[in-house]
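Worksheet: the structure to be examined is printed underneath.
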Amino acid sequence: MNSKIWLSSPHMGGNELKYIHEAFDENWVAPLGPNVNGFEVDIEQYLQADTKVAALSSGTAALHLALIECGVSHGDEVICQSMTFSASANPIAYLGATPVFIDSEKDTWNMCPIALEEAIQDRIAKGKTPKAIIVVHLYGMPAKLQEIIAIARKYNIPLIEDAAEALGSTYHGKACGTFGRFGVLSFNGNKIITTSGGGALVCHTQEDKDKAVFLSTQARDNAPHYQHSHIGYNYRMSNITAGIGRGQMEVLADRVEARRKMHKFYLDLFRSTAGVEILHEPDADYFSNHWLTAITIDPTICSHSREDLRMALLDDNIESRPLCKPMHLQPIFAHAPFYGKKVSETLFENGLCLPSGSNLTDADRQRIAQKVQTFFMK
Ligand SMILES: *Cc1c(COP(=O)(O)O)cnc(C)c1O
């Protein structure tokens, strides 16, 4: 059996252990310390745009705190892109609020601005102004931010950017995750850089960051004893984990370059395959980190389905994955309102994410190319 080619696997840079050793040497084995502070500064300098970053235990935790800081509570409604990973929507449910799901548009596969405005108007007409909008830059592709920001401003609803997959992506030259009231990053094991598990909340004021740190460290009031006026969470990043993050930040630019090289490889590979479309930047305003390269296979043009291709790749121990199943089609969110048509549903039916890791070798690419070429020749 050939060795496994993963969709996206961790790729260490080399200096991660140096920072972990420093933490051990100084006994900063705690959810605070020089690596946590250093990692936050590294991210702030990378993102620019006057960001204030709070390092947390996961991207999901960051989304949860973003919603709390936007004032979301029981009975509220929160707008969320339907085609995404469940972690974008789950924190809405943690708070007893209801998600209102929005379809994708065909250019970026992200939130459709037209369906978004339709939803806001209808929810207001039904008596509730949504408390926040969660837009996702899925697979690293920036969403149509200009249109979405204009709508969010028009109705005065705070925007939360789920940039868990989009560290290194930019829109109009500005980092994804820095446009909204809050941005969310993830450093889970499959992301473009990883701390094994971890996340960050991107804020724009010291006050917003301080509140996130306060809530993430059990909401302790200023007193010598344990004194609490708020419900707290144990969401702060550990100083060991942050050490991995500092090492990974040193190689982030290389990782973006390598993922984009993988994307270019697939563009060349599928150039003359009728019925296969690759998710690509609509124009020069969009710059994707191409965390994952994703394709759709039109079954009316190809004689094969995306499931056929997935199985053929698996046959050679090559991992691929169907696109995210839209949240409005998930059993757990079946009751939630949905606005749009069938764009995300059709993408899900025909779409496949391909191995995109920054550590794939020429030999890996050769194996993938060979398998794909034989598949489409049949
Ligand atoms: C990974 C991911 C998250 C969650 O991040 P974790 O760090 O795994 O909690 C949220 N949204 C999207 C789109 C993701 O890909």
Side-chain angles (χ1 to χ4, degrees), residues 60-105 108-138 143-163 179-184 201 203-205 207-208 211-212 215 229-231 233 324-345 348:
T60 311
L63 268 160
H64 191 183
L65 296 185
L67 290 171
I68 292 172
E69 291 207 38
C70 286
V72 175
S73 66
H74 200 270
D76 286 338
E77 293 186 348
V78 173
I79 288 185
C80 183
Q81 181 166 320
S82 187
M83 201 167 88
T84 185
F85 180 55
S86 62
S88 307
N90 282 338
I92 302 169
Y94 299 168
L95 290 164
T98 304
V100 174
F101 291 116
I102 309 293
D103 203 3
S104 298
E105 44 78 20
T108 70
W109 299 4
N110 290 311
M111 184 180 276
C112 171
I114 297 163
L116 169 65
E117 184 156 27
E118 188 190 304
I120 294 172
Q121 288 176 348
D122 191 55
R123 297 327 288 177
I124 292 174
K126 289 189 162 75
K128 268 185 192 169
T129 303
K131 274 291 183 71
I133 300 168
I134 300 174
V135 65
V136 186
H137 308 300
L138 202 66
K144 292 202 163 166
L145 282 171
Q146 195 169 325
E147 291 88 335
I148 291 167
I149 288 168
I151 295 166
R153 285 212 182 112
K154 181 171 165 188
Y155 296 93
N156 201 19
I157 304 172
L159 184 69
I160 299 170
E161 275 179 277
D162 181 344
F179 288 85
R181 160 102 194 266
F182 294 103
V184 168
L201 185 66
C203 309
H204 292 280
T205 66
E207 197 188 340
D208 277 352
K211 190 163 179 201
L215 291 171
S229 323
H230 294 269
I231 293 294
Y233 302 86
C324 286
K325 181 172 181 175
M327 288 303 120
H328 71 280
L329 302 177
Q330 298 286 359
I332 190 67
F333 292 123
H335 64 281
F338 169 75
Y339 291 84
K341 300 197 174 77
K342 285 185 176 286
V343 177
S344 55
E345 199 169 327
F348 170 61

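Sequential numbering from 1 along the given sequence is applied to the chain's residues.
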Worksheet entry | Side chain to side chain, Ile79 and Ile120, heavy atoms closer than 4.5 Å | yes
Discussion item. Taking the side chain as everything from C-beta on, heavy atoms only, tell me whether Ile133 gets closer than 4.5 Å to Pro158.
Written reply: no
Worksheet item: Does Leu95 CG have over 12 foreign heavy atoms under 6.0 Å away?
Response: yes
Item to complete: Determine the sole option in Val100, Val135, Ile148 for which the side chain to side chain contact (heavy atoms under 4.5 Å, CB included) test with Leu116 is passed.
Response: Ile148
Practice prompt. Applying salt bridge (Lys or Arg N to Asp or Glu O under 4.0 Å), name anything that partners Glu105, two or more places apart in sequence or on another chain.
Written response: Lys144
Fill in: Gap between atom CH2 of Trp109 and atom CZ of Phe348 - 0.5 Å precision
13.0 Å
Worksheet item: Any chance the rings of Phe333 and Phe101 have centres within less than 6.0 Å?
Response: yes
Worksheet item: Are the side chains of Val343 and Cys112 in touch, meaning some heavy atoms are under 4.5 Å apart?
Response: no
Discussion item. How long is the straight-line distance from CE of Met111 back to OG of Ser82, given to the nearest 0.5 Å?
Written reply: 9.5 Å
Fill in: Neighbour count above 12 (heavy atom, 6.0 Å) for Gln121 CD
yes
Practice prompt. Could you tell me whether the side chain of Phe338 reaches within less than 4.5 Å of the side chain of Met327, counting heavy atoms only?
Written response: no
Practice prompt. Given side-chain contact (heavy atoms from CB on, under 4.5 Å), test Leu65 with Tyr233 step by step and report yes or no.
Written response: CA-CA 9 Å; Leu65 296 185; Tyr233 302 86; 4.1 Å; yes
Discussion item. Looking at every heavy atom in both Ala87 and Leu63, which two are closest together, and how far apart are they?
Written reply: O-CD1, 3.4 Å
Discussion item. Between Gln81 (side chain only) and Ile102 (backbone N and O only), is there a donor and an acceptor less than 3.5 Å apart?
Written reply: no
Worksheet item: Mind checking whether Pro99 and Val78 have side chains closer than 4.5 Å, heavy atoms only?
Response: no
Worksheet item: Say you draw a straight line from CD1 of Ile157 to CG of Leu159; how long is it, rounded to the nearest 0.5 Å?
Response: 10.0 Å
Practice prompt. Using the test salt bridge (Lys or Arg N to Asp or Glu O under 4.0 Å), find all partners of Lys342 that sit at least two apart in sequence or belong to another chain.
Written response: Glu345
Item to complete: Using a strict cut-off of less than 4.0 Å between a Lys/Arg side-chain nitrogen and an Asp/Glu carboxylate oxygen, indicate whether Glu161 and Arg181 qualify as a salt bridge.
Response: no
Discussion item. With rounding to the nearest 0.5 angstrom, report the OG to CE distance, Ser88 to Met83.
Written reply: 11.0 Å
Discussion item. Atom CD1 of residue position Ile332 - does it have more than 12 heavy atoms of other residues, nucleotides or ligands inside 6.0 Å?
Written reply: no
Worksheet entry | Audit row: Cys203, Thr205, side-chain contact (heavy atoms from CB on, under 4.5 Å) steps and yes/no | CA-CA 6 Å; Cys203 309; Thr205 66; 5.5 Å; no
Practice prompt. Indicate whether any N or O donor in one side chain lies under 3.5 Å from an N or O acceptor in the other, for Asp122 and Tyr339.
Written response: yes
Worksheet item: Can you tell me how far OG of Ser344 sits from CG of Asp103, rounded to the nearest 0.5 angstrom?
Response: 4.0 Å
Worksheet item: Do Pro91 and Leu67 have side-chain heavy atoms sitting under 4.5 Å apart?
Response: yes
Pairs of donor and acceptor atoms involving the side chains of residues 70-77, under 3.5 Å and at least two apart or interchain, shall be tabulated with distances.
unit_1 : atom_1 : unit_2 : atom_2 : d
Asp76  : OD2    : Ser73  : N      : 2.8
Asp76  : OD2    : Lys131 : NZ     : 3.1
Glu77  : OE1    : Arg123 : NE     : 2.8
Glu77  : OE2    : Arg123 : NH2    : 2.8

Worksheet item: Do the side chain of Glu147 and the main chain of Pro113 share a donor and acceptor less than 3.5 angstrom apart?
Response: no
Discussion item. Could you measure the distance from the CD1 atom of Ile134 to the CZ atom of Phe182? Nearest 0.5 Å is fine.
Written reply: 12.0 Å
